[in-house]
There are 2 protein chains.
Amino acid sequence: MTGAAPAPLDFYFDFGSPYGYFAGLRIDGLAAQHGRSVLWRPILLGPIMAITGSRPNMDIPMRGDYLRHDAHRIARLLGCPFAWPESTPLNSLVPSRAVWWLRESDPVLAHRLARALHHAHWGEGRDITGIDAVAAVAAPLGIAPDALAGGVAQPRVKDRLRAETEGAIARGVFGAPYIIADGEPFWGWDRLDMLDHWLARGGW
Amino acid sequence: MTGAAPAPLDFYFDFGSPYGYFAGLRIDGLAAQHGRSVLWRPILLGPIMAITGSRPNMDIPMRGDYLRHDAHRIARLLGCPFAWPESTPLNSLVPSRAVWWLRESDPVLAHRLARALHHAHWGEGRDITGIDAVAAVAAPLGIAPDALAGGVAQPRVKDRLRAETEGAIARGVFGAPYIIADGEPFWGWDRLDMLDHWLARGGW
């Protein structure tokens, strides 16, 4: 007799954050080492920043410079593809909706699309703002552009992204990336080691 | 023939941040493992937040709740004394001036005072706002209350703290704790592992 599978980790991220990209490179493998799966939940930081009274970190004096320097430093450390996109911060509405639309019919493919969008934007520096740009990333995965364009325009899909962001706020998500594991919150790429430790010990 | 001693690490902190307390518990030992010393530089986050358009993290919706939860979680992990002070955020003007005043005549004792102030405020939850409270922490270290009170009131000492904060801003310090090692910046307690790695590798 086996128990029920443990709940997946909730991985909240905004496609516009390089730290979400770096976290995305590690989160699945980290979780798997503890027999856990991950639910990738793209959200919009805009409505969250309206509540916290913040603005994009890359627009904040001094902090923006640090963020750029830090992102390149982390990429060198990880040895991962990285290219600062020409246009930041990203409006991540369309790529986020694309993932939520695809989740309805194919969660595995939706996960692959999320990773591909991260790679395109932060690994290759490509713009992923508009539907054409998202479709160009999705096509190699076998996702038809017309279906994608129709999907992200559906009110149901727009509502889903809005509800996800509101649900995140209700759980205290004030920034991203933000991981919730068994109710325990971890904010930021730099807390993945602590998350790993938490899962190994079952909390402390 | 030996080369010149490497420059000390600059450890910028505001007494009002629990992350500065946690970083202070580790920074000296971490640096020593790489043959480095640390210059503890108390500064005021207030003027910095005026530039970045921020306010104390503990006053920000959701983030404040996370910070409290996180600080207790870190304290349990480290097994260190911790008590959330009754009155936060701290106005750290007087304790910061006290450290800079003492540095003029006795850098080693100034370092001990900084650690004692951290411990009193974050380890025991004591208020360290006023001169009497600071004197109570300083007295067991052999620092005479009258000398201390006279010292922190000197224009030269007030100017020093102001210059330190302005100097930090000029170096890009947008938050605290913030460590600069050989020109490389590390923001936050959660970057001490990266700092350790950086010192071990000599950068990357």
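Every chain is numbered from 1 and lettered A, B, ... according to where its sequence line falls, protein lines coming before strand lines.
Proximity to chain B involves both the backbone and the side chain of A:Arg76, based on heavy atoms less than 4.5 angstrom apart. Proximity to chain B is limited to the side chain of A:Asp70, based on heavy atoms less than 4.5 angstrom apart. Both the backbone and the side chain of A:Arg73 come within contact range of chain B, with heavy atoms under 4.5 Å apart. With a 4.5 Å cut-off on non-hydrogen atoms, A:Asp65 does not touch chain B at all.
Taking 4.5 Å as the heavy-atom cut-off, none of the residues of residues 89-127 of chain A approach chain B.
To the nearest 0.5 Å, atoms OG1 (A:Thr52) and CG (B:Asn57) are separated by 10.5 Å. To the nearest 0.5 angstrom, A:Leu77 atom CG is 5.5 Å from B:Met194 atom CE. Remark: A:Leu67 CG to B:Phe174 CZ distance equals 8.0 Å, nearest 0.5 Å.
Nearest heavy atom pair, residue B:Val173 against residue A:Met62, reads O-CE, 3.7 Å. The shortest non-hydrogen separation linking B:Pro61 to A:Ile51 is CG-O, 3.6 Å.
Side chain of B:Tyr66 to backbone of A:Trp187: a donor-acceptor contact under 3.5 angstrom is found.
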